[in-house]
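Here is the structure we will look at.
Values in this document were obtained by computation on a predicted structure and should not be read as measured data. Each chain gets a letter, A, B and so on, in the order its sequence line appears, and its residues count up from 1. What's counted below: heavy atoms across the whole structure, side chains too, no hydrogens, waters or symmetry copies.
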Amino acid sequence: MSIKPKFYIKDLKDNVGEEVSLKGWLYNKRSSGKIKFLILRDGTGYVQCVVFKGNVSEEVFDAADKLTQESSFEVTGKVKEEPRSIGGYELDVTDLKIISLAQEYPITPKEHGIEFLIDNRHLWVRSKRQVAILKVRARVVKAIRDFFDSHGFTLFDPPIITPNACEGTSTLFEMDYFDLGKAYLTQSGQLYEESGALALGKVYSFGPTFRAEKSKTRRHLTEFWMVEPEMAFYDLDDDMDLAEEFIEYVVQTVLNDCKEELNILERDTSKLENIKRPFPRISYTEAVEILKKKGVDFQWGNDFGGADETLIGEEFDRPVMIHRYPTEVKAFYMKRDPENEKVVLAVDVIAPEGYGEIIGGSQREDNLDLLLQRIKDHGLPQSYFEWYLDLRRFGSVPHSGFGLGLERTVSWICGLEHLREAIPFPRMIYRNTP
RNA sequence: UCCGCGGUAGCUCAAUGGCAGAGCAUGCGGCUGUUAACCGCAGGGUUGUAGGUUCGAGCCCUACCCGCGGAGCCA
């Protein structure tokens with residue numbers, strides 16, 4: 001006994017002229033007396049099913065009449081090409097079985113407010129736009145894995161529960177951990193990736209990370225996914241080379257494989273076609289000059305705000321890599337520039353079209369004494385970092401890495417207004433349901 | 001935490017301090033090519049909560065709750 005579908009909508013082009021059975025849900029229904037148009041969705045696509053009163057039994061016609069939005073049903077009919085129809089194919093219905101009649105469905109084919117949609121996120125994910133976004137997200141995830149797996153990287157999973165603040169800066173989600181006191185949800189696996197790089201050469205992690213910041217903007221989630229490669233014997237230039245090759249690969253892959261989805265999202269793909277190496281590379285100091293030229297009253301030494309990033313990003317038609325930030329605004333583990341102690345060998349990649357920072361990375365401080373000094377300067381407890389300092393005591397090497405935020409990348413590629421659509425169930429400061 | 005905007009039917013929104021309405025959704029009826037179909041009829045309300053002003057409050061005032069947009073914060 002098996003009930004799994006033998007046919008899916010995306011494959012109907014191979015079944016023209018044949019009779020097939022499809023299973024799915026009613027997306028929409030239009031009726032004109034003795035003819036009914038049912039739009040079926042099955043997760044792979046949409047197809048219009050035409051029910052003529054003269055072609056089917058009375059029971060089948062009544063069943064088609066009874067179907068409510070999002071009712072599940074099985075439908076049998078002959079596939080034909082039909083340019084007037086969504087997807088270009090149509091089903092001439094001969095049989096129809098209702099599987100489950102849906103109650104009055106809250107998300108009607110009219111506009112809705114964001115609060116209502118998020119409250120119904122478990123149902124909202126069924127709508128055409130959300131399906132397209134989530135398919136792009138899945139493709140981005142696969143592209144990320146494919147890229148690193150085929151470039152000599154080994155997947156190296158860091159812990160989610162950590163005893164200390166990796167960066168020592170941002171606010172973490174705290175929990176009681178048995179008799180060991182407080183533990184925290186990770187904000188970054190980076191320090192652990194460094195130990196992996198010294199074991200395996202090139203490693204990456206890919207998973208959820210958590211920030212308890214009270215950020216209330218379209219660019220922030222409290223739970224988001226990050227991919228973090230870390231490479232032994234890479235300097236900042238090597239790091240930037242990798243980052244731009246990586247971004248180019250992800251964007252071009254999605255562009256090639258998700259045409260249908262990007263079309264549904266009405267994304268201007270010409271903007272994405274530009275995303276080819278080399279990306280512009282400017283120093284923080286040069287970025288500050290751009291801001292000043294644009295009339296922004298900006299003090300060298302401060303970090304860029306969202307508006308600043310947008311202004312800088314507007315200058316370029318592809319991601320811009322800003323390197324060598326002031327030491328004070330960056331994390332303790334970043335290596336100082338031997339040629340200028342005021343800056344560190346860090347790089348942020350700013351996406352175009354105002355999507356902001358998608359990558360933050362750096363060459364790491366590999367000198368034990370300098371790293372100890374930076375930990376002291378940041379007022380961090382050295383005892384928490386003894387294991388990390390061991391990485392400098394036992395065969396330290398120059399190494400680098402970066403982190404890329406998945407939802408920001410998906411938002412940029414899809415052209416979304418808000419990060420909350422780029423993940424199935426967004427977690428935000430004032431929202432942890434459904 | 002701060003600034004701004006908002007909360008009216010299941011949903012999206014109207015309503016000069018004076019009878020609480022429309023579209024969609026739902027139900028019933030009509031229509032053999034619809035594309036957020038269309039046409040007719042019907043049901044559907046503690047106007048976020050509490051208090052106040054007033055002959056009379058959805059509308060004005062006070063407090064609170066919730067949400068949205070942004071700032072700050074944030075590898």
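Along RNA chain B, the nucleotide nearest A/His112 and the nucleotide nearest A/Ser215 are compared for position; the residue whose nucleotide lies closer to the 5' end is A/His112.
Backbone-only contact: A/Tyr430 has heavy atoms under 4.0 Å from sugar-phosphate atoms and none from a base. Nucleic acid contact for A/His220: base, since at least one base atom lies under 4.0 Å from a heavy atom of the residue. Heavy atoms of A/Glu417 sit nowhere under 4.0 angstrom from any nucleic acid atom. The residue A/Gly403 sits close to a base: some heavy atom pair falls under 4.0 Å. Among the atoms of the strands shown, base atoms are found under 4.0 Å from some heavy atom of A/Ser31. Among the protein residues, A/Lys80 comes within range of the nucleic acid bases, having at least one heavy atom under 4.0 Å from a base atom. Among the protein residues, A/Arg84 comes within range of the nucleic acid bases, having at least one heavy atom under 4.0 Å from a base atom. If you check every strand for non-hydrogen atoms under 4.0 Å, A/Phe37 touches a base. Within 4.0 Å of A/Arg420, counting heavy atoms only, lie sugar-phosphate atoms of the nucleic acid but no base atom. At a threshold of 4.0 angstrom between heavy atoms, the contacts of A/Lys216 include nucleobase atoms, whether or not backbone atoms are also involved.
Distance check on atom P: B/rG43 versus B/rA15 gives 25 Å, rounded to whole Å. Taking atom P on both nucleotides, B/rC13 is separated from B/rG48 by 15 Å, rounded to a whole Å. As rounded to the nearest Å, B/rU49 and B/rG58 have P atoms that lie 11 Å from one another. Distance noted for atom C1' between B/rA14 and B/rA9: 13 Å (whole Å).
We find that A/Glu82 and A/Arg84 are joined by a salt bridge, their nearest charged nitrogen and carboxylate oxygen being less than 4.0 Å apart.
Aromatic pair A/Tyr46/A/Trp25: centroids not less than 6.0 angstrom apart.
The number of heavy-atom neighbours closer than 6.0 Å to NZ of A/Lys78, taken from other residues, nucleotides and ligands shown, is 12 or below.
For B/rG33, its base sits under 3.5 Å from the side chain of A/Glu90 at one donor and acceptor pair at least.
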